[in-house]
Amino acid sequence: MSASGVPGGAPGILNEQAIEEKGEHARMSSFVGAMAIADLVKTTLGPKGMDKILQSMGRGEAVTVTNDGATILKSIYVDNPAAKVLVDISKVQDAEVGDGTTSVVVLAGELLRQAENLINMKIHPMTIIAGFREAAECGRNAIEARAMNNSSDSARFREDLMNVARTTLSSKFLTQDKEHFANLAVDAVMRLGDAPSLESIHILKKPGGDLTKSFLDEGFILDKKIGVGQPKRIEDAKILVANTPMDTDKIKIYGARVRVDSMAKVSDIEKAEKDKMKDKVDKIIAHGCNVFINRQLIYNYPEELFADAGIMAIEHADFDGIERLASVTGGEICSTFDHPEDVKLGSCKLIEEIMIGEEKLIHFSGVELGAACTVVLRGASLHLLDEAERSLHDALCVLQQTVKDRRVIHGGGCPEMVMSKAIDELAQRTPGKRAIAMEAFSKALRAIPTIICDNAGLDSADLVYQLRFCHAVPGSAMGIDVLEGKVGDMQDCGIFESFRVKEQVLLSATEAAEMILRVDDVIKCAPRQRG
């Protein structure tokens, strides 16, 4: 709908190339865009969800194979403003708790699908929003009452973590080896204590072998080789981590014009360059380090000087690698070397060269941050390893949240049915049209187990109504057992989820749906004139 004018011939307030959609048109276009995004990712939901192939149109046309909601939505170009809201909540969910990125988008899409029906019944958006808010609060209280906290018993808490990790990995690429990777993830997170930071867990991908050859290493592994003629093993290492150019003072002979009247003068220039490089190396050696790791190139001459001094020099370490290395060894990244007393060196008990597959790497053991560890992923191809890393990262994030919050709830559609039942009961006690909005919210929640069943090729209508029947009994822990294709007890199946993840899904989806419901006007600005 153009906004270049208004009825009666009065001039419009917007540029004639601007586009404005009002009222029903604006609301419907928002609903359609948001539901299209939800429909795009809903086939990836659950243990039997499908993968998507994402192909870049840039140089090289890189291919990504994934079923991670946040990765899919980050990779696609979206023009609809409401769809962008759902893409953003998926990114926030990924950053906040690491998992539930598909669930949050699907739930928001189902809430808007129900809201569309209510608006067609001439119920005002503000009435719907009020009902949705009360329903979300009621649902949150219902699952909070059912949450379990076994943190007082370390053995039971570890089993809870294992169940949460298995459930998270069940819907990921690593589902075939979920027992192995659940153990890896729980061991890595439990090493970090009560306030785990995923910065201390380094994930290293090495093609070769198969996924079951992946392992957890206590220490830090840097994907670099030790220089020629330098010590391959150092005990009680004092590590200087730097980000500095080793040829700062070097004149680029081929890029500069130098007039000399004899070859002896050229020799003098080269000697002056070497002297300046030697001065820098001497300043570094004066710090008392026996290992020097640089983000940038070190070049042959300084490397030779370090080798003569018995110092291990490692060049061109990737920036993520040296930042994490500085953190786990307790050192600081420095760029200037005039004041050795102000520089904090890192330390570790042993540095040695190791082999993984056919490649040499550098292993740091006995680091200052003793909880730090490296997960080495093996696999047939880089595409496979990239997806394995995303799956493992999601599991680590969920475990990190569970260690912080410590509450777990049953999975497999059980929490959605618990919330749905509590909201239906609240709706029966609520007068007016808000009760209709609450019932719609309850129906949207039941869509989650329905989609999980549909993606597994099961009879969703039959199973979901069986589930409703089971949840008529107070305290029921029944959910969808996708592997057996029937309703099962989630406690016996060991299907648990982090309370924090489920709570975040509920609140984020409700807020996103509310934001889109409030829209009654969409204005697209006129394109900027060039020239």
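All figures in this text were calculated on a predicted structure; none of them were measured in a lab.
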Determine, step by step, whether Arg378 and Asp210 satisfy the salt bridge (Lys or Arg N to Asp or Glu O under 4.0 Å) criterion, reporting the C-alpha distance in whole Å, the side-chain angles of both residues, the deciding distance to 0.1 Å, and the verdict.
CA-CA 6 Å; Arg378 307 302 310 281; Asp210 58 49; over 6 Å; no
4.5 Å side-chain heavy-atom contact, [X] and [Y]:
X      : Y      : result
Val105 : Gln93  : no
Leu361 : Leu204 : yes
Val343 : Phe337 : no
Val241 : Cys334 : no

Go through Thr167 and Glu497 one step at a time and tell me if the side chain to side chain donor-acceptor pair (under 3.5 Å) criterion holds.
CA-CA 7 Å; Thr167 305; Glu497 294 184 58; over 6 Å; no
Determine, for Phe173 and Arg390, whether the Lys NZ or Arg CZ falls below 6.0 Å from the six-membered ring centre while staying within 45 degrees of the axis.
no
Determine, for Tyr301 and Lys274, whether the Lys NZ or Arg CZ falls below 6.0 Å from the six-membered ring centre while staying within 45 degrees of the axis.
yes
Would Asp386 and Lys205 count as a side chain to side chain contact (heavy atoms under 4.5 Å, CB included) here? Give the steps.
CA-CA 8 Å; Asp386 287 342; Lys205 298 174 289 188; 2.8 Å; yes
Could you go through Met312 and Ile226, starting from their C-alpha distance and side-chain angles, then the distance that decides it, and tell me whether this counts as side chain to side chain contact (heavy atoms under 4.5 Å, CB included)?
CA-CA 7 Å; Met312 181 191 290; Ile226 296 170; 3.7 Å; yes
Determine, step by step, whether Val189 and Val403 satisfy the side chain to side chain contact (heavy atoms under 4.5 Å, CB included) criterion, reporting the C-alpha distance in whole Å, the side-chain angles of both residues, the deciding distance to 0.1 Å, and the verdict.
CA-CA 8 Å; Val189 170; Val403 168; 3.7 Å; yes
Checking Lys278 against Asp275 for the salt bridge (Lys or Arg N to Asp or Glu O under 4.0 Å) test, could you report, in this order, the C-alpha distance in whole Å, the side-chain angles of both residues, the deciding distance, and whether it holds?
CA-CA 5 Å; Lys278 187 175 188 307; Asp275 289 345; over 6 Å; no
With side chain to side chain donor-acceptor pair (under 3.5 Å) as the test, would you mind laying out the steps for Ser151 and Asn149 before giving the verdict?
CA-CA 6 Å; Ser151 55; Asn149 186 342; 2.7 Å; yes
Rounded to the nearest 0.5 Å, how far apart are [atom1] of [X] and [atom2] of [Y]?
X      : Y      : atom1 : atom2 : result
Ser347 : Lys349 : OG    : NZ    : 10.0 Å
Cys397 : Asp94  : SG    : CG    : 7.0 Å
Thr44  : Asn455 : OG1   : CG    : 7.5 Å
Ile53  : Thr66  : CD1   : OG1   : 11.5 Å

Using a distance-only test with no angle check, is there a side-chain donor-acceptor pair under 3.5 angstrom linking [X] and [Y]?
X      : Y      : result
His316 : Asn294 : no
Ser170 : Lys178 : yes
Ser103 : Lys502 : no

Could you check Asp88 against Lys84 for salt bridge (Lys or Arg N to Asp or Glu O under 4.0 Å), going step by step and ending with a plain yes or no?
CA-CA 6 Å; Asp88 286 344; Lys84 287 181 180 175; over 6 Å; no
Please assess Val408 against Ser498 for the test side chain to side chain contact (heavy atoms under 4.5 Å, CB included), listing each intermediate value before the final yes or no.
CA-CA 5 Å; Val408 296; Ser498 167; 5.6 Å; no
Correct closest heavy-atom pair for Phe181 and Leu211 would be CZ-O, 3.5 Å
Looking only at heavy atoms, which two atoms of Ala83 and Gly33 are closest? And how far apart?
CB-O, 3.7 Å
Stepwise salt bridge (Lys or Arg N to Asp or Glu O under 4.0 Å) check, Lys172 with Asp394
CA-CA 9 Å; Lys172 309 286 181 191; Asp394 284 359; 2.9 Å; yes
Please determine if Lys206 and Glu359 form a salt bridge, counting it only when a charged side-chain N lies under 4.0 Å from a carboxylate O.
yes
Side chain to side chain donor-acceptor pair (under 3.5 Å) with Lys52: of Thr43, Thr71, Asp68, only one passes, and it is Thr43
